[in-house]
Structures are given as C-alpha cells and as structure tokens.
Amino acid sequence: MRIILFLLLVLLTGLSYSQPDTLFLSLEQALQMAKQSSPQIKEASIDKTSGVLSITGSIAQLLPTPTASASYSKNEITIPGLPANPNYAYTGTVGLNQVLFSPDVFANVAKGVIYNDYYRLQAQDKLANLVYSLKTSYFNLAKAYQLYAIAQASFERSQNNYLLAQAKNRLQQITDFELLRSETYLAQAELDLLSARKNLLINIEDLKGFIGRVDYEIVKPTTTPSLPEFGIDYEMLLSQIFEHNLTLQSVRKTRAIARTAFAQSIANLLPSANLFWSSTYSDTLMPKKLDTWKNNDVISYGVRFSFPVFEIKSYLLNIGNTRNEKLRAVLQLEKAAILLRKTAVNAIYACQEAQERYNYAQKNLELNRSLLKLAQEQYRLGALSQLDLFNTEIAFTTAQNTYYSALYDAYTSYAQIEYLLGISDSK
C-alpha cells in the first residue's frame, strides 16, 4: 500500500512540475529564423527584383526593335449593268529600328542604373533594420529574464525576513511595528515580482513575433555577447556613418535620379536619330513562300531624324516640373542629413554613456553584494537593525537591476550604431 501511495505521489509531483514548450534560442538562430519569416525580407527581395527589372528595361531600349504589321483589304468596283469586280490586296511589313542617338533612351538607361542602386540600398536597409530590431528584442528579453530572477530572489529574501520577523515577534524580540514593516516589504516585493513577470511575458511575445514561432509558449535567449568597447573617435565614427548609412545613400540616389530627369528634359530639345530597315510586301495574292515575298517587296533603309521643335510648350513645362523635383530632392537630402546627424550624435553619446554606466554599475554591484553579506551576518548576530537590513537588501536589488539594465542597454546601443553604419549581417 505504501508503495502504491509513493508511486502516486511521484506521478502527481511530475505532473505538477511539467514545463511548457520552451525554445532555447541563440542570437544567431533568432536572426536566421527572423530572416525566414519576416515580411521585411520578402520586401527586400521584391526591391532587388525591382532594381533588376529597372536596369534591364532601360538597357533593352538600346537593343534593335523589330516591327511587323499585316493587312488585308477587299475593294469592289461597281459598274451599272456589270457584275461586281472585287479587288483583293495583301500588305505586310517587317522592319528593324536601332537607336543611334536619343536623349530619352540614354537618360532612361542612366536612371535605370541609379534605380537599381536605389532598390539595392532599400533592400539592404530593410535587412539591417530587421537585424537591429531583432537584436533589440532579443536583448530586451534577456534583460527581462534577469530582472525577473532578481525580483524572485528579492521576494524570497523578503519572505524569509518576514518569517524570521514573525518568529522574533512571538519571542518578543521585535515590536509589532517592525513586524508590520517587514510585511510591507514583502508586499512590495510581490508587486515588483508581478511587474517583472508581466514585462517578461510581453518581451517573450515580442520576440516570438519576430521569429514567427508562436507555437512555443516560452522562448529563452542563450547568447550573452561580449560587451564591445566604445572607445571610438567621435569625428571618425560620425564620418563613417555619413558615408555608409543606407538611408542617406538612398536619398542621394533619389537626388541623382531627379538631376538626371532634369538633364533629360533639357536634352529633349536635341534631335533623335534611328537607323531603320523595312521590307514591305504588297500584292493581290497572299504570300505563301519566302520567294513570293522577296519578289514583291520593297526594301527601305536609312536614318530617321526626329526634331521636337513643334512641342516647345510641352518641352518648357517638362523642364519646369523636373527642375522643381530636383530642388525638392536636394531639400530632402538636406533634411535627411540633418536628421541623421541628430540620430548619430545621440547614438554615439548613448554608446559612450552605456559603457561608462556599465563600468560604474559593475563596481556598484560588487560593493552592494559585499555589503549585503556583511549586513546579513550582523543582523543574525543582533548587531544590525531590521530597517538597516531592509535598506541594504533594497540597495542590492537596485544595484542588480541597474547592472543588467546597463549591460543590455550597452548591447542595444551598439546594435544601433551598427544599423547606422549600414551593417546588415548577424555578427
């Protein structure tokens, strides 16, 4: 009977400690999963295709263009008193046109090349933004786990202190006021634990959304990257950001497109030249063989010039529109540069501050850890008051929270610098 009860107890204990589905995830794994499921990656692929189509379509305008047409007609000549006399005509034309000079075509080729670069930069920016966003989510979740563990440890200490205070109160070693104060610390620890748990669950769901694995209930980060050094020259880093930032490069391409369109509108006043060749067949019989066509066709070839002098109103209006768009693109670039400088300066200072805060937080945590051990020992010996112990424990908890917040804020700050530098890999 005891054996059966023991087995039942083991079974119930196993069921009560059953864990939900947990995904242990490194940063590299999270990035790979995000790249497979993120809409940003699909958008980046579409951008790359748009760039290829743009440059291909513009270059295709330089290739020879074949033409073909065919017609069939029936004419009836009616003479009073005579039967109708129908007349059939078969006409066909095949030809080939080759651009020799065309402001439109040459400018479209130039714009196609620039558009290809623009879409490529857009695709890289989407990938870099995804990497930065996922790293931020990953580090926030890692921080949430640490803060939750700290809140749990603080709650357990408050619980133990309250049990000890109850025992001492029964022995009349402490007053009811001190017992009540111990209970208030326990209540606050419970609230802090609830808040930490809520933040943990929110960050779990955030990362699950990035990696597209909502089938797991729990996601746990396993990567703790080495903390980078931020001793980088300010001016040099700012210069590198302005050189490599993908968003700014995209805006520069937009300006280049506007400038090309403006030059195209001016060059449209120049004549265009095309080399042409055509073979025109015309007869009352449909050609059934190639020889029939050759014996009844007319060959034409030469150079065709087009002069747009009679479209002067459209020409001037087009110049005005493209000039206005060029000025708009220049202003957009200036605005983008100002915004980037502001963002970059904030990010650089945030990195430097994060490194310093981490160093101070690390030292502060070690001091508070040593102070807590000493306070706990003195409290057991009766050489320290309960209030002093509580204050020491609160200071230690605060030091832990500050340390891990500074640590993961440093990771996130460095990830932002990588994004501003246009780094889109997962290193």
Side-chain angles (χ1 to χ4, degrees), residues 14-45 123-153 155 192-230 347 350-351 354-355 358 361-362 365 400-427:
L15 291 174
S16 63
Y17 283 92
S18 60
Q19 296 294 325
D21 291 338
T22 302
L23 176 62
F24 295 93
L25 201 63
S26 69
L27 179 58
E28 185 65 30
Q29 290 172 330
L31 287 167
Q32 292 301 322
M33 294 171 70
K35 290 177 182 178
Q36 293 174 1
S37 62
S38 174
Q40 288 177 268
I41 298 300
K42 298 175 183 178
E43 287 182 345
S45 178
Q124 291 178 357
D125 186 62
K126 286 181 173 66
L127 176 58
N129 183 268
L130 173 65
V131 171
Y132 167 56
S133 300
L134 185 131
K135 284 183 176 181
T136 300
S137 178
Y138 189 90
F139 295 146
N140 284 340
L141 180 56
K143 179 172 68 173
Y145 269 110
Q146 294 289 351
L147 299 184
Y148 180 68
I150 293 170
Q152 280 184 314
F155 172 73
D192 292 341
L193 182 59
L194 286 174
S195 179
R197 183 178 182 276
K198 179 202 69 174
N199 291 333
L200 175 60
L201 295 176
I202 290 174
N203 282 281
I204 288 175
E205 292 301 320
D206 184 68
L207 185 60
K208 285 163 63 175
F210 272 106
I211 63 177
R213 295 303 301 270
V214 295
D215 51 325
Y216 283 92
E217 186 175 347
I218 301 297
V219 179
K220 286 189 175 182
T222 60
T223 299
T224 303
S226 58
L227 189 66
E229 292 292 337
F230 299 120
C351 274
Q355 178 69 61
Y358 169 74
Q362 189 177 32
L365 178 60
Q400 285 182 304
N401 288 329
T402 302
Y403 169 77
Y404 285 107
S405 295
L407 174 63
Y408 288 103
D409 286 349
Y411 292 149
T412 304
S413 297
Y414 187 72
Q416 185 183 16
I417 290 293
E418 289 181 325
Y419 170 65
L420 293 175
L421 286 170
I423 299 175
S424 57
D425 57 26
S426 57
K427 295 180 182 179

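- Atom-to-atom distance recorded for Glu205:CD and Glu217:CD is 9.0 Å, nearest 0.5 angstrom.
- With values rounded to the nearest 0.5 angstrom, Leu31 atom CG is found 8.5 Å from Ser26 atom OG.
- Looking at Gln362 and Leu365, their side chains never come closer than 4.5 Å, going by heavy atoms from C-beta outward.
- Remark: the Gln32 side chain and the Glu28 side chain contain an N/O donor-acceptor pair separated by less than 3.5 Å.
- Taking every heavy atom of both residues into account, Tyr138 and Thr223 meet most closely at OH-N, 3.0 Å.
- Although no hydrogens or angles enter the test, the distance criterion places a donor-acceptor pair under 3.5 Å between the side chain of Ser37 and the main chain of Ile211.
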Test log, rule side-chain contact (heavy atoms from CB on, under 4.5 Å), inputs Asn129 and Gln40 | CA-CA 9 Å; Asn129 183 268; Gln40 288 177 268; 3.2 Å; yes

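- In this structure, Tyr132 and Thr412 approach most closely via the heavy-atom pair CE1-O, 4.0 Å.
- Shown are Leu147, Val219, Asn140; of these, the side-chain contact (heavy atoms from CB on, under 4.5 Å) with Asn203 is made only by Asn140.
- Aromatic pair Tyr408/Tyr411: ring centres closer than 6.0 Å.
- The main-chain N or O of Ile150 is never found under 3.5 Å from a side-chain atom of Tyr404 such that the two would form a donor-acceptor pair.
- In this structure, Leu141 CG and Leu201 CG are separated by 10.0 Å, a value rounded to the nearest 0.5 Å.
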In sequence, state the C-alpha distance, the side-chain angles, and the governing distance for Leu27 and Phe139, and then conclude on side-chain contact (heavy atoms from CB on, under 4.5 Å).
-> CA-CA 9 Å; Leu27 179 58; Phe139 295 146; 4.2 Å; yes

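- One finds the CG atom of Leu207 at 12.0 Å from the CZ atom of Arg213 (value rounded to the nearest 0.5 Å).
- Of the possible polar contacts, none joining the Asp206 side chain to the Ile202 backbone as a donor-acceptor pair under 3.5 Å is found.
- Atom CE of Met33 sits about 5.5 Å away from atom CG of Leu25, to the nearest 0.5 Å.
- With contacts defined as side-chain heavy-atom distances shorter than 4.5 Å, the pair Phe155/Leu194 does not qualify.
- In terms of heavy atoms, Tyr414 sits closest to Cys351 at N-SG, 3.8 Å.
- Nearest approach of Ile41 to Ala34, heavy atoms of both residues: CG1-O, 4.4 Å.
- Annotation: side chain of Leu127 is in contact with side chain of Lys35 (closest heavy-atom distance under 4.5 Å).
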Test side-chain contact (heavy atoms from CB on, under 4.5 Å) applied to Tyr419 and Val131, step by step | CA-CA 8 Å; Tyr419 170 65; Val131 171; over 6 Å; no

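- The distance from atom CG of Leu200 to atom CD of Gln146, rounded to the nearest 0.5 Å, is 11.0 Å.
- Heavy atoms only, all atoms of each residue included: Lys135 and Glu418 are closest at NZ-OE1, 2.8 Å.
- The shortest non-hydrogen separation linking Lys126 to Ala44 is CD-N, 3.9 Å.
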